[in-house]
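Atoms within each ligand, like the ligands themselves, are counted from 1 in listed order.
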Amino acid sequence: MNSKSAGDTTDGRERYTLLAIVLHWVFAFLVIGMLFLGYYMVDLPKGTPNRAFYFNLHKSFGVLAGVLILLRLYWRLTHPVALLSTGIQRWTDKAAWWNHRLLYLCMVLQPATGYLSSSFNKYGVKFFGVALPSWGWENAQLRDLFMNFHHLISILLVALIVIHVLAAFKHLLLDKDQVLQRMLPWSEK
Ligand code: HEM
Ligand code: HEM
């Protein structure tokens with residue numbers, strides 16, 4: 001943010017706390033990894049060795065992500081982040097606001113729909129080998145319904161992440177401000 005209007009207090013230089021930064025990057029790798037794994041495993045023909053292994057791995061890390069995102073959200077809601085600009089709300093500020101909230105929403109809904117879909121499947125959910133409670137019964141229609149949501153949310157996630165990463169590099173390369181540096185643990189305040 002180069003333009004400083006009257007009332008600006010931060011100039012985009014306030015950093016996130018170290019915990020917020022660590023959580024951001026853990027989730028970035030986790031979610032991108034889960035997207036790759038998800039698209040990879042659904043293309044494996046039935047009967048492929050290790051297919052079940054990949055599905056169970058996906059479910060295990062997905063459940064982990066689902067629990068961690070609730071903790072992250074709780075932390076985020078109780079630790080507000082300094083605003084980049086307290087002056088005029090530019091459309092890019094609003095776009096970032098929506099991008100971040102939609103990313104959080106997808107990170108909650110994606111594990112939930114995955115869990116629900118698997119709960120209506122005879123295989124259920126195992127967390128690194130331990131069977132977890134099923135939230136449903138065997139029902140192909142409900143399994144497919146939640147899996148359709150799971151699929152749609154994954155597309156939305158990909159779109160939001162692409163916009164998010166492009167915006168981060170726009171800040172770094174074109175705006176030449178401190179927005180990306182706010183999210184890096186080693187940068188100076
Ligand atoms: C951050 C969390 C998650 C992400 C990003 C994610 C992403 C994906 C993606 C991209 C696919 C492929 C979708 C398609 O092409 O149709 C997929 C499939 C699947 N996911 Fe997830 N997932 C997550 C969490 C979970 C969880 C928690 C479960 C269950 C406990 C789960 C169960 C499944 C199953 C069973 C499939 C395959 C469905 C089929 O056979 O078509 N996912 N996931
Ligand atoms: C190379 C990849 C990524 C880069 C360079 C990046 C960069 C950033 C930056 C610079 C911010 C701070 C923006 C600001 O202060 O206005 C941010 C925030 C955020 N990022 Fe990323 N990000 C990446 C990947 C991801 C992924 C994969 C996700 C989620 C799936 C994600 C979710 C978020 C969320 C939810 C926030 C808002 C944090 C908050 O205010 O609580 N990011 N990211």
Side-chain angles (χ1 to χ4, degrees), residues 1 10 12-17 19-21 23-44 46 51-52 54-69 72-73 75-77 79-85 92-93 95-121 123-127 132 134-135 143-144 146-172 175 177-184 187:
M1 305 251 156
T10 66
R13 259 179 273 145
E14 297 283 342
R15 289 243 335 264
Y16 283 88
T17 61
L19 184 61
I21 294 174
L23 285 173
H24 172 270
W25 291 109
V26 166
F27 270 92
F29 282 108
L30 190 57
V31 173
I32 292 174
M34 285 293 289
L35 287 167
F36 274 105
L37 181 57
Y39 288 128
Y40 169 73
M41 71 184 196
V42 292
D43 278 345
L44 293 173
K46 284 199 171 143
R51 188 172 184 269
Y54 288 124
F55 270 66
N56 283 325
L57 192 70
H58 181 86
K59 290 180 188 179
S60 301
F61 276 105
V63 169
L64 191 65
V67 173
L68 285 180
I69 193 61
R72 181 178 175 192
L73 261 181
W75 176 260
R76 178 64 175 85
L77 292 172
H79 293 79
V81 175
L83 286 175
L84 286 185
S85 121
T92 44
D93 295 339
W97 191 93
W98 275 105
N99 181 270
H100 295 168
R101 266 144 199 85
L102 285 174
L103 279 168
Y104 276 125
L105 184 66
C106 288
M107 286 192 281
V108 171
L109 290 183
Q110 191 64 345
T113 51
Y115 201 106
L116 276 163
S117 172
S118 300
S119 290
F120 291 101
N121 187 327
Y123 302 115
V125 181
K126 284 203 193 100
F127 183 68
L132 295 182
S134 184
W135 295 347
R143 179 199 65 203
D144 292 347
F146 287 115
M147 196 35 68
N148 286 340
F149 281 121
H150 199 66
H151 177 71
L152 287 177
I153 297 166
S154 75
I155 295 171
L156 183 58
L157 255 176
V158 172
L160 289 168
I161 292 171
V162 169
I163 294 170
H164 185 72
V165 175
L166 287 177
F169 282 98
K170 176 186 172 285
H171 279 290
L172 179 71
D175 301 342
D177 58 20
Q178 298 294 313
V179 170
L180 179 59
Q181 283 80 344
R182 278 173 25 118
M183 210 31 124
L184 300 177
S187 69

Relative to the heavy atoms of [X], which atoms of ligand 1 are at a distance of less than 4.0 Å?
{"X": "V125", "value": "30 (C)"}
{"X": "V63", "value": "27 (C)"}
{"X": "L35", "value": "5 (C), 10 (C)"}
{"X": "G62", "value": "24 (C), 27 (C)"}

S154 to ligand 1: N or O pair under 3.5 Å?
no
State if S118 counts as touching ligand 1 under the rule of any non-hydrogen atom under 4.0 Å.
yes
How is the N/O/S atom of H24 that comes nearest to atom 21 (Fe) of ligand 2 named?
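The atom in question is NE2.
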Would you check whether Y16 has a nitrogen or oxygen atom less than 3.5 angstrom from a nitrogen or oxygen atom of ligand 2?
yes
Contact (N/O only, under 3.5 Å) between H100 and ligand 2:
no
Check [X] against [Y] and note the closest heavy-atom contact, atom names and distance.
{"X": "S134", "Y": "S119", "result": "OG-O, 3.0 Å"}
{"X": "D177", "Y": "Q181", "result": "O-OE1, 3.5 Å"}
{"X": "R182", "Y": "I21", "result": "O-CD1, 3.7 Å"}
{"X": "I69", "Y": "F27", "result": "N-CZ, 3.4 Å"}
{"X": "R143", "Y": "S117", "result": "O-OG, 3.0 Å"}
{"X": "K126", "Y": "K59", "result": "O-CB, 4.3 Å"}

Per-atom contacts, ligand 2 versus [X] - under 4.0 Å to a heavy atom:
{"X": "R182", "answer": "14 (C), 15 (O)"}
{"X": "L180", "answer": "5 (C), 10 (C)"}
{"X": "A28", "answer": "24 (C), 25 (C), 26 (C), 27 (C)"}

Can you say whether the rings of F149 and F146 are parallel (under 30°), tilted (30 to 60°) or perpendicular (over 60°)?
tilted
At under 4.0 Å between heavy atoms, is it the side chain or the backbone of F27 that contacts ligand 2, or both, or neither?
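F27 to ligand 2: no contact under 4.0 Å from either part.
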Examine the proximity of ligand 2 to V165 and report which part, side chain or backbone, both or neither, has a heavy atom under 4.0 Å away.
side chain
Given that the side chain starts at C-beta and the backbone is N, CA, C, O, which of these parts of H150 lies under 4.0 Å from ligand 1, counting heavy atoms, or is it both or neither?
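The answer is the side chain of H150.
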What part of F55, side chain from CB on, backbone N/CA/C/O, both or neither, has a heavy atom under 4.0 Å from ligand 1?
side chain
So, H164 and atom 21 (Fe) of ligand 2: N/O/S under 2.8 Å, yes or no?
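True for H164.
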In terms of residue, atom name and distance, what is the protein heavy atom nearest to [atom]?
{"atom": "atom 26 (C) of ligand 1", "result": "G114 CA, 3.9 Å"}
{"atom": "atom 4 (C) of ligand 1", "result": "Q110 CG, 3.3 Å"}
{"atom": "atom 1 (C) of ligand 1", "result": "A65 CB, 4.1 Å"}
{"atom": "atom 41 (O) of ligand 1", "result": "V42 CG1, 3.7 Å"}
{"atom": "atom 11 (C) of ligand 1", "result": "G38 CA, 3.5 Å"}

Determine whether any heavy atom of F29 lies closer than 4.0 Å to an atom of ligand 2.
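Per 4.0 Å heavy-atom rule, F29 does not contact ligand 2.
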Has Y104 got any heavy atom lying under 4.0 angstrom from an atom of ligand 2?
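Within the 4.0 Å threshold, so yes.
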Which option, [options], owns the non-hydrogen atom nearest [atom]?
{"atom": "atom 38 (C) of ligand 1", "options": "K59, M147, H151", "result": "M147"}
{"atom": "atom 21 (Fe) of ligand 1", "options": "H58, K46, M41", "result": "H58"}
{"atom": "atom 10 (C) of ligand 2", "options": "I32, L172, L103, V179", "result": "V179"}
{"atom": "atom 30 (C) of ligand 2", "options": "L73, V31, V162, L184", "result": "V31"}

Given the rule in the side chain to side chain contact (heavy atoms under 4.5 Å, CB included) test, do V125 and N56 qualify, once you have shown the distances and angles that lead to the verdict?
CA-CA 8 Å; V125 181; N56 283 325; over 6 Å; no
Student check: side-chain heavy atoms of [X] and [Y] closer than 4.5 Å:
{"X": "M34", "Y": "H58", "value": "yes"}
{"X": "F120", "Y": "L116", "value": "yes"}
{"X": "T17", "Y": "H79", "value": "no"}
{"X": "W98", "Y": "I163", "value": "no"}
{"X": "L35", "Y": "I161", "value": "yes"}

Could you tell me whether a side-chain N or O of W25 sits under 3.5 Å from a main-chain N or O of L184, the two making a donor and an acceptor?
no
Identify which one of Y39, Y40, F61 satisfies the ring pair (Phe, Tyr, Trp, His ring centres under 6.0 Å) criterion when paired with Y54.
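Of Y39, Y40, F61, ring pair (Phe, Tyr, Trp, His ring centres under 6.0 Å) with Y54 is met by Y40 alone.
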